Amino acid sequence: MNLREYLAWLYYQYLLITGIYVLEPWEKSIFNSILFSVITMVIYTSYVFVPIHVRLALEFFSGIFGGQPESTMALVN
Amino acid sequence: MARTAANGHLKPHLNQNGLKREDIKRNGYHNKREKNGPGTCVASRQHKQESFEQAPMYVAVMTYLGFGIVTLFGYFRDFLRAVGIEKCHLAQEREEQKDFVPLYQDFENFYTRNLYMRVRDNWNRPICSLPGPVFDVMERVSDDYNWTFRFTGKTLHNVINMGSYNYLGFAENNTDFMKTVAEKTSQYGVGVCSTRQEIGNLDIHEELEQLVATFLGVESSMTFGMGFATNSMNIPALVGKGCLILSDEVNHTSLILGARLSGATIRVFKHNNMHSLEKLLREAVCSGQPRTHRPWKKILIMVEGIYSMEGSLVRLPEIIALKKKYKAYLFVDEAHSIGAVGPTGRGVTELFNVNPADVDVMMGTFTKSFGAAGGYIAGKKELVDYLRCQSHSAVYATSLSPPVTEQIIRAMKCIMGNNGSTEGIRRIRQLAENTKYFRARLKEMGFIIYGHEDSPVVPILLYMPGKVVAFAREMLERKIGVVVVGFPATPITEARARFCLSAAHTREMLNQVLHHMNEVGDLFCLKFSRRKHSSRPDLHDETGLELSS
């Protein structure tokens with residue numbers, strides 16, 4: 001009960017702060033669905049692409065700093 | 001209050017109607033103060049007592065965000081209306097006239113159409129009782145999102161009234177107090193059916209003007225039927241082309257309208273900012289009129305006693321010093337401050353211990369503290385005689401109705417302490433006490449309040465458009481009637497709820513309001529203040545004793 005009330009209060013705060021509170025219900029649904037889809041896309045993109053980008057960035061930076069001895073050793077080997 | 005204690009005269013003045021001013025002149029107290037400089041000690045004290053705290057940055061960001069989203073939806077709805085998917089409830093031209101020059105300007109009503117209409121059930125609420133400390137509100141609902149309303153037939157009884165300008169509680173229907181009003185109505189009727197210049201000049205009007213002049217401590221005064229019209233119709237008679245008007249940033253619409261109608265040049269100085277005013281004065285005196293550099297015919301400084309949207313008090317001693325130095329004229333609009341401030345209710349001149357002869361034109365209204373209607377202009381006899389012939393309002397407007405005139409007369413006599421009664425002083429003290437208590441408790445709870453500590457107008461900042469509307473609706477649910485104001489009456493980021501305290505509010509009513517404010521403030525996260533306020537023990541008295549004289 002307490003958690004449900006708290007979530008309802010949070011939703012109410014969200015309505016007040018974004019100004020959605022004054023709109024008609026169908027407009028509220030449009031805005032909520034747009035916001036929800038945008039957030040979902042952001043989460044999906046970050047889930048799929050952020051680890052790959054992070055790994056590539058780490059490889060790039062380690063390539064710069066410790067790169068000279070590694071590449072010559074690779075050449076020799 | 002310390003100033004009156006130093007003066008030492010308060011009680012004896014109840015019986016001597018106009019003698020307080022002469023007494024002040026005799027004991028020389030206020031003269032000494034003026035010689036000390038442009039009220040420097042008064043200025044620093046006022047500075048400490050006024051506060052205009054700024055909200056944290058995230059509040060401004062969220063306000064703009066809210067307005068931005070609703071504006072986007074406004075464009076969307078306008079598009080739907082233009083395409084024809086949605087029915088347009090507003091006025092439109094006929095089909096045959098679509099090719100003509102447009103009669104109804106679509107874009108200028110954008111804000112009204114798309115924001116105000118959605119939430120307009122919070123304004124123009126019909127009341128069906130006396131606007132005293134409690135009143136009855138008619139319940140109305142809307143089936144089509146506030147385009148049309150219908151009454152359910154129910155009435156909400158005993159809603160606490162925090163919006164009426166009923167500062168001294170004279171909006172009452174107690175038959176004992178209203179006896180003289182009833183007598184005059186039966187003697188004169190209700191309609192005057194003429195203007196002051198023709199046949200509408202009754203003897204009670206003369207009596208009222210004499211009384212107002214004595215009350216304010218000036219030579220003579222003139223009364224008009226409507227407060228707004230007093231400003232807008234008399235300023236054109238005082239200044240014209242070739243004159244300069246220096247008006248405060250947040251002046252009332254009536255002053256702005258009067259200034260524009262007069263044809264004088266208008267320059268605006270920052271609100272209550274004496275440096276800005278002095279800069280403008282120096283520039284005006286040095287450079288003169290814009291192209292010809294001739295000296296200005298007249299320079300008129302227009303200020304208000306209490307500014308109704310900010311709750312701040314004018315810095316009267318400093319303005320008087322500036323006015324004397326640069327030889328300008330001063331117009332003070334005491335609509336909210338007459339009767340409500342000052343130890344005996346004489347307005348800002350009494351509060352700051354200033355000689356009323358220093359203010360050239362004193363204007364005020366009877367709507368607020370006297371519970372009647374109309375306005376007055378008071379000053380030197382030559383000024384008032386000139387206005388009697390030259391002002392539009394005096395010549396063409398119908399004069400005050402007899403019961404209204406008698407109500408003003410009886411309210412003023414009550415405040416002045418007629419027949420040694422202490423009712424007037426009791427009310428003034430009650431208002432001062434209510435003001436101090438209410439403001440202190442709200443600050444302590446953590447709301448941002450604007451204005452001076454002694455001003456009975458209390459604006460509480462709400463900032464976000466969604467919260468403003470929700471606040472008004474929630475308070476009405478809890479049986480408290482409040483007035484909320486947003487853009488365009490206030491700057492766009494500073495929407496507020498304005499509370500007007502009254503001498504008729506009892507401590508229990510104020511406590512009830514404060515209790516609900518506390519709950520609503522927690523519910524909506526409205527407590528933005530970042531200052532620490534310690535809770536004072538003398539504010540919370542459990543016994544509910546009221547201070548009576």
Side-chain angles (χ1 to χ4, degrees), chain A residues 1-68 70-71, chain B residues 58-80 85-86 111 113-122 142-147 462-474 484 486-487 492-493 495 519-526 528:
Chain A
M1 241 352 109
N2 225 351
L3 182 64
R4 201 181 293 177
E5 268 181 26
Y6 182 66
L7 287 177
W9 180 79
L10 270 184
Y11 179 63
Y12 195 48
Q13 291 303 307
Y14 153 75
L15 286 183
L16 287 179
I17 288 176
T18 51
I20 303 296
Y21 175 80
V22 307
L23 298 178
E24 299 174 24
W26 58 275
E27 288 167 331
K28 280 190 192 133
S29 331
I30 291 181
F31 184 81
N32 284 343
S33 47
I34 292 177
L35 191 66
F36 183 69
S37 49
V38 166
I39 290 181
T40 316
M41 284 193 277
V42 164
I43 291 177
Y44 176 73
T45 316
S46 57
Y47 176 71
V48 169
F49 288 109
V50 166
I52 300 178
H53 283 309
V54 167
R55 191 164 61 81
L56 285 174
L58 280 175
E59 279 186 15
F60 177 71
F61 282 115
S62 67
I64 289 182
F65 291 129
Q68 306 296 19
E70 269 184 36
S71 55
Chain B
Y58 68 85
V59 173
V61 169
M62 291 202 270
T63 312
Y64 280 121
L65 174 74
F67 271 111
I69 293 178
V70 179
T71 311
L72 281 177
F73 272 98
Y75 280 124
F76 176 56
R77 292 292 288 271
D78 271 350
F79 168 71
L80 291 183
I85 298 178
E86 189 186 332
Y111 179 81
R113 205 167 50 231
N114 290 311
L115 186 56
Y116 179 69
M117 279 300 182
R118 292 183 194 272
V119 294
R120 71 174 181 143
D121 60 308
N122 294 314
S142 171
D143 302 315
D144 51 357
Y145 301 106
N146 293 341
W147 288 99
L462 301 173
Y463 299 103
M464 293 168 232
K467 291 197 181 175
V468 158
V469 173
F471 181 81
R473 288 181 187 155
E474 182 69 25
V484 292
F487 183 78
I492 197 157
T493 38
E519 283 184 3
V520 169
D522 286 329
L523 182 66
F524 292 163
C525 295
L526 291 173
F528 300 117

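This is a predicted model, so every value here is computed, not measured. Residue numbers begin at 1 in each chain, while the letters A, B, ... track the order of the sequences. Values below: all heavy atoms of this structure, side chains included; hydrogens, waters and symmetry mates excluded.
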Checklist entry - Should the pair Phe76(B) and Phe73(B) be assigned to parallel (<30°), tilted (30 to 60°) or perpendicular (>60°) ring geometry? => result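 Judged by the thresholds at 30° and 60°, the geometry between Phe76(B) and Phe73(B) is perpendicular.
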Next on the checklist: Does the plane of the ring in Tyr21(A) sit parallel, tilted or perpendicular to the ring in Tyr12(A)? Use 30° and 60° as the thresholds.
Outcome noted: perpendicular
Which portion of [X] sits near chain A, non-hydrogen atoms under 4.5 angstrom:
| X | answer |
| --- | --- |
| Leu72(B) | neither |
| Met62(B) | both |
| Phe524(B) | both |

Checklist entry - Measuring heavy-atom distances to chain B, does Ile20(A) have an atom under 4.5 Å in its side chain, in its backbone, in both, or in neither? => result side chain
Next on the checklist: Quick check on Gln13(A) against chain B: is it the side chain, the backbone, both or neither that has a heavy atom closer than 4.5 Å?
Outcome noted: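 Contact with chain B is through the side chain of Gln13(A) alone.
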Checklist entry - Phe528(B) and Tyr463(B): aromatic ring centres closer than 6.0 Å? => result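 Judged by ring-centre distance (under 6.0 Å), Phe528(B) and Tyr463(B) do meet the cut-off.
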Checklist entry - Where do Val469(B) and Val22(A) come nearest, in terms of heavy atoms and distance? => result CG2-CG1, 4.4 Å
Next on the checklist: Are more than 12 heavy atoms, taken from residues, nucleotides or ligands other than Phe79(B), located less than 6.0 Å from that residue's CZ atom?
Outcome noted: no
